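Data block below; observations after.
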Amino acid sequence: MQSFDPVISINSGQFFLWEKRNESWYGTYGSRIIKLKTIDGSPEFTSFPEFKTFEKKIFRLDDDIKAIFAELTRDPLVHTLIKKYPGLRLMRQEPEQCLFSFLCASNTNIPMIRRMLYNLTRRLGAPMSVDGMEFFTFPTAAEISKATTEQLRSCSLGYRAKAIKEVAQNIAEGTLNLESLRRIEYREAKSQLLQVRGIGNKIADCVLLFSLEKLDAFPIDVWISRALSQHYSWLLDRPLGNALTPRQYDSLSERMRLHFGRYAGYAQQYLYYDIRQRAGKKW
DNA sequence: GTACAGGCAGTAT
DNA sequence: ATACTGCCTGTA
């Protein structure tokens with residue numbers, strides 16, 4: 001099996017805060033700035049402050065990718081997609097940043113999400129100098145909770161500002177403890193997330209999959225919904241409409257989790273990347 | 001001008 | 001249990 005390609009993974013729409021400067025990629029990962037430089041085709045990783053072998057953590061190189069592929073290739077389409085995009089991997093995000101990222105993602109598009117998050121880092125994050133350039137860390141929940149709704153709105157968050165502030169307060173007060181969700185199973189972790197106002201099915205599943213080790217989570221956004229209509233109509237009892245009601249979301253996500261098994265979320269990433277590629281989406 | 005873009009909560013039916 | 005609605009902002 002071919003090795004992963006970090007550049008494809010960071011450009012696959014799962015991780016928003018990356019930018020290319022002087023032939024290197026720089027990303028905001030919580031309180032750190034991470035860097036990827038490709039030298040003669042082989043990647044070199046550094047982080048500031050140092051964070052030993054961060055690539056292993058972020059690109060999930062600690063996963064047993066052979067076992068994952070063995071499981072996923074039972075599905076013929078995902079099998080072809082794994083061969084078609086050999087460099088693509090699921091990434092592991094920092095939980096708070098991940099949650100705020102997907103809170104920004106409602107009813108908008110990737111360039112806009114990137115702008116919102118970029119503005120948040122510049123207004124509320126801490127500056128850090130790397131390679132003589134200035135970058136900004138991602139603000140903590142405590143910092144976001146202390147910002148006024150107007151400040152948040154001025155980051156182009158729009159109506160999302162209110163929910164984002166409220167979720168940040170929940171975290172700052174300890175009502176919501178993301179780290180504790182790592183240790184419990186998918187269903188229980190999800191039901192805890194759903195109790196927080198502002199977090200619905202889709203955001204909960206994204207946070208669980210991308211940052212809390214729930215590889216069996218299967219988030220369904222409009223793109224995945226399109227992919228399922230195109231390729232898995234045989235698994236659906238009726239055609240998918242424009243929007244899924246919470247209950248429809250739940251039963252569909254559950255069905256796909258059963259179909260793909262314990263690494264369903266990994267399969268979701270290939271479906272997502274493929275349908276966006278075919279739609280000609282760069283971001 | 002207006003439709004639409006990686007949702008969610010509140011309210012009405 | 002489902003349907004409808006409003007919500008910021010920017011681009012096509």
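Residue numbers begin at 1 in each chain, while the letters A, B, ... track the order of the sequences. Predicted model, so just to flag it, every value in this text is computed and none were measured.
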Please report, rounded to the nearest Å, how far the [atom2] atom of [N] is from the [atom1] atom of [X].
X      : N     : atom1 : atom2 : answer
A/F15  : B/dG6 : CZ    : P     : 20 Å
A/N107 : C/dT5 : CG    : C1'   : 12 Å
A/M112 : B/dG7 : CE    : C1'   : 15 Å
A/Q248 : C/dC4 : CD    : C1'   : 14 Å

For this session: Please list every stem that involves DNA chain C, where a stem is a run of 3 or more consecutive Watson-Crick or G-U wobble pairs with both pairing distances under 3.5 Å.
Result: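 In DNA chain C, stems of three or more pairs: B:2-5 with C:9-12, B:7-13 with C:1-7.
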Exercise. Salt bridge check: are A/R255 and A/D237 linked by an N-O gap of less than 4.0 Å?
Worked result: yes
Exercise. Less than 4.0 Å between a side-chain N and a carboxylate O, is that true for A/D131 and A/K35?
Worked result: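 Counted as a salt bridge, because a side-chain N and a carboxylate O are separated by less than 4.0 Å.
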Looking only at side-chain N and O atoms, does [X] come under 4.0 Å of OP1 or OP2 in [N]?
X      : N      : value
A/R160 : C/dT9  : no
A/R114 : B/dG6  : no
A/T245 : C/dT2  : yes
A/R115 : C/dT11 : yes

Taking everything shown except [X] itself, do over 12 heavy atoms lie less than 6.0 Å from its [atom1]?
X      : atom1 : value
A/R247 : CZ    : no
A/E50  : CD    : no
A/E179 : CD    : yes

For this session: Using a heavy-atom cut-off of under 4.0 Å over every strand shown, decide if A/I199 touches base, sugar-phosphate, or nothing.
Result: sugar-phosphate
Problem set entry | Sugar-phosphate only, base, or nothing, as touched by A/I203 at under 4.0 Å among non-hydrogen atoms |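 Sugar-phosphate contact only - A/I203 comes under 4.0 Å of backbone atoms but never of a base.
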Seminar exercise, completed: The residue, A/G198 or A/T108, whose nearest nucleotide of DNA chain B is more 5′ is A/T108
Exercise. Quick one: on DNA chain B, does A/C206 or A/L194 contact a more 5' nucleotide (nearest heavy atom)?
Worked result: A/C206
For this session: List the steps and the verdict of ring-ring contact (aromatic ring centres under 6.0 Å, His included) for A/Y232 and A/H259.
Result: CA-CA 10 Å; A/Y232 294 92; A/H259 173 69; 5.7 Å; yes
